[in-house]
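See below for the structure under consideration.
Quick caveat: nothing in here was measured; it's all calculated off a predicted structure. Each chain gets a letter, A, B and so on, in the order its sequence line appears, and its residues count up from 1.
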There are 2 protein chains.
Amino acid sequence: MDIGEIARRAGVSRSTVSYALTGNRPVSEATRRRIQTVIDELGFRPNAAARALKEGRTRTLGLVIPAAGRRLTDMQLGFVATVVEAAAGADFDVLLSPSGGDHDRSFERIVTGRRVDGVILMEIRLEDDRVSRLRRSGLPFVAIGRTRDTAGMWWVDIDYTALVSRCVHHLADLGHRHIALVNRSAELIAAGYGPGHRALAGFSEAVAERGVAGLDVCCGDDAPAGEACVERLRAEHPEVTALVSVNEAALPGIQRGLERAGLGIPRDFSVAGVAARHWAEDFRPPLTAADVPTHDMGARAVELLLEQVSTPTAYPRHLLHTPPISLRSSTGPAPRPAT
Amino acid sequence: MDIGEIARRAGVSRSTVSYALTGNRPVSEATRRRIQTVIDELGFRPNAAARALKEGRTRTLGLVIPAAGRRLTDMQLGFVATVVEAAAGADFDVLLSPSGGDHDRSFERIVTGRRVDGVILMEIRLEDDRVSRLRRSGLPFVAIGRTRDTAGMWWVDIDYTALVSRCVHHLADLGHRHIALVNRSAELIAAGYGPGHRALAGFSEAVAERGVAGLDVCCGDDAPAGEACVERLRAEHPEVTALVSVNEAALPGIQRGLERAGLGIPRDFSVAGVAARHWAEDFRPPLTAADVPTHDMGARAVELLLEQVSTPTAYPRHLLHTPPISLRSSTGPAPRPAT
DNA sequence: TTGTAGGCGTTATCAG
DNA sequence: CTGATAACGCCTACAA
């Protein structure tokens, strides 16, 4: 069934049906209604491929997610969900591309095959092949995260440097003199994952500024890793009395580790961090943390992308979120040394 | 840049380029190589829309996920990830469609607009509009889960009835006489969500069979709900000494609730359930549970769908998983009544 | 207000 | 072994 079928049944020409469909030309109320009736009757919808071919646009966005295999973190999932939702709100569909390392079949198919009007990129590294690839292709794209060199690039990101720095200052204000940073996994850091590096930068800087001792450790993205991490920390650096976590998935493990070590939060040990709200609220006691606005970020990324799609010459824009740190109850004065 | 450009540069006709690309007709090695060179040089890939229009297929699968807004559960996320991965393995892209109850613009777009060659449906209800819609459309589809009437339908599911029943038997064998079922949310049950109903069916049946007292409660898909659920359970039914959970996201809360109530697991209280492996292993102590093979199920769903796409006349197939219950350490003999 | 015709980039059927 | 050419279904000048 195609537009011709509708035209025949409605007794009009194909173009009239098309115009009735798109509204790109006035159609008399009478014929419009006749056409609509036939369409409803047959449940017709224009073929997306034909339309895309003719119009040169697909009304589809590509969403590049971290390569399959690794489980997505909650935060990443949050982005996926809100991107899809925001796109749907603009009547755009979302094509998923799991693309990890370098040249991925799916990525190439989507980009070079012109399957989408624009791309949203997740889990950006400081140097990222996909970004350069996309830059070359001329396909509009928005990064959730950013590369080292952001020239001419559209992106949405969280200011991990500032956020971690603030956490350190907060803890230092409370009298803590030995503070640890629980970062993301060693592999991610080694791969040049931006937030990991920026968190570390903010940490080092703040720690130096306050003249306190800073210790940074990598930690896998799950509870067991978090627990192991705390155990090691206690064993090797018992002087540490507070930690800042940018690894939300490790939080339950961190909590368990502290518990098992017999440390009360925040009486004996303070914890602060950056995490999606529900992680922070699930922590016991509720975590003093910068709540990552995944929802907003995903929606903004789509917004920027659609803007770029409709105005390819637009000047690059970006959004750097620095959500406030919500003071909950996981941080307190440093315990008196047990002299 | 199109196929004509390549043809010109390679000094051949457009059809030859096409044949070199698809392999649908022998092309002399010499010209094939010449064409390939030009293609590599220019980084050409055939336009997906044109190809879809001509071939009548899109090499894309639709994945219908629960409506945005609600956070996806870990299990659902697992399906998404493995479906995408499996599809990518077969050089298929995946188009996401968030379609909850009714307002399915995106769903309609994808189905009627012929944007995909087939659809995978998640979170199936016993009566499901999307299933009937898809049945009518003639578009191949596979459900992860199943409706009440599965006639002529392709699906992959977990046998919640059997699994929950086994858990109950296991607990009854251990001497528990008062067992609770922690089900999914009341809304989901009310909406006719299959697993919820089938879990309940298996529970009621097994409980009756063993002559033990059964109590079923609904519980939201998150930790706080799990904790609240346990609290209520303790307050209103202190005689209960064991529970079966089919709500993995509530598990951390269940654990916390039991802890706060001062109950040791499994000394004072036993817990069994159905959950993805990592949830079970994160439980303290590790949870005796049927490990839901999300990975396998997603991959199988894609397999079935591709089979159906390539052989539309194939006889409907389905897969009912009944993973074994892994005995870990969260279940033990019923405590002696405190007489 | 409506109809006619051409073309978007491919593939596949004819010829050669 | 290779070229011309006609569709695929839609949109949109151009004509009426």
Side-chain angles (χ1 to χ4, degrees), chain A residues 1-36 38-39 42-60 91 93 109-117 137 139, chain B residues 1-36 38-39 42-60 91 93 109-117 137 139:
Chain A
M1 167 177 37
D2 66 349
I3 215 175
E5 174 85 13
I6 307 295
R8 230 183 20 262
R9 300 211 188 199
V12 296
S13 76
R14 282 163 38 216
S15 58
T16 303
V17 174
S18 173
Y19 284 120
L21 236 31
T22 62
N24 286 344
R25 174 168 101 173
V27 173
S28 84
E29 184 54 22
T31 47
R32 203 198 56 68
R33 282 243 297 278
R34 206 163 63 251
I35 291 172
Q36 192 56 51
V38 178
I39 287 181
L42 273 62
F44 167 82
R45 306 215 83 197
N47 178 301
R51 190 174 253 186
L53 177 58
K54 178 61 187 169
E55 295 195 322
R57 68 210 209 96
T58 59
R59 294 165 190 279
T60 304
D91 282 332
D93 288 315
R109 213 164 41 223
I110 286 178
V111 173
T112 330
R114 306 244 92 112
R115 296 198 59 127
V116 299
D117 296 336
S137 82
L139 197 62
Chain B
M1 168 180 36
D2 65 349
I3 216 175
E5 174 86 12
I6 307 295
R8 232 185 12 265
R9 301 211 189 199
V12 295
S13 75
R14 278 159 39 206
S15 50
T16 302
V17 175
S18 173
Y19 285 120
L21 236 31
T22 62
N24 286 344
R25 175 168 101 174
V27 174
S28 83
E29 184 55 21
T31 48
R32 203 197 58 69
R33 283 245 294 280
R34 206 164 62 252
I35 291 171
Q36 192 56 52
V38 178
I39 286 180
L42 273 62
F44 167 83
R45 308 215 82 197
N47 178 301
R51 187 172 255 187
L53 177 58
K54 182 62 188 161
E55 294 194 321
R57 65 207 210 101
T58 59
R59 295 166 192 278
T60 304
D91 281 332
D93 289 315
R109 213 165 40 225
I110 286 178
V111 173
T112 330
R114 306 245 95 111
R115 294 193 62 113
V116 300
D117 296 336
S137 82
L139 197 62

base_contact_polar ([N] base, [X] side chain, donor-acceptor, <3.5 Å):
X	N	result
B/Lys54	C/dA12	no
A/Tyr19	D/dA13	yes
B/Ser15	D/dA4	yes
A/Ser18	D/dT12	no

Take the protein atom [atom1] of [X] and the nucleotide atom [atom2] of [N], then report the distance between them rounded to whole Å.
X	N	atom1	atom2	value
A/Ile6	C/dT2	CD1	P	17 Å
B/Ile3	D/dG3	CD1	P	13 Å
A/Arg14	D/dA15	CZ	C1'	17 Å
B/Asp2	C/dC8	CG	P	8 Å
A/Arg45	D/dC10	CZ	P	12 Å
B/Glu55	C/dC8	CD	P	20 Å
B/Arg114	D/dC10	CZ	P	11 Å
A/Ile35	C/dT2	CD1	C1'	10 Å

Under 4.5 Å between any side-chain heavy atoms of [X] and [Y], yes or no?
X	Y	result
A/Leu21	A/Ile3	yes
B/Val12	B/Tyr19	no
B/Val38	B/Val17	no
A/Asn47	A/Asp2	no
B/Lys54	A/Leu53	no

Hey, can you pull the residues of residues 25-34 of chain A with a non-hydrogen atom under 4.0 angstrom from DNA chain D? A/Arg25

Considering just the side-chain nitrogens and oxygens of B/Ser13, establish if one lies under 4.0 Å of OP1 or OP2 belonging to D/dT2. no

Stepwise side chain to side chain contact (heavy atoms under 4.5 Å, CB included) test for A/Leu139 and A/Arg114: CA-CA 9 Å; A/Leu139 197 62; A/Arg114 306 244 92 112; 3.8 Å; yes

Out of [options], which has the shortest distance to the side chain of [X]?
X	options	answer
A/Arg51	D/dC10, D/dT12, C/dT11	D/dC10
B/Leu53	D/dC8, C/dT11, D/dT2	D/dC8
A/Asn24	D/dC10, D/dG3, D/dT12	D/dT12

With a 4.0 Å cut-off on heavy atoms, is A/Gly113 in touch with a base, just the backbone sugar-phosphate, or nothing at all? nothing

Is the shortest side-chain N to carboxylate O distance from A/Arg109 to B/Asp91 below 4.0 Å? yes

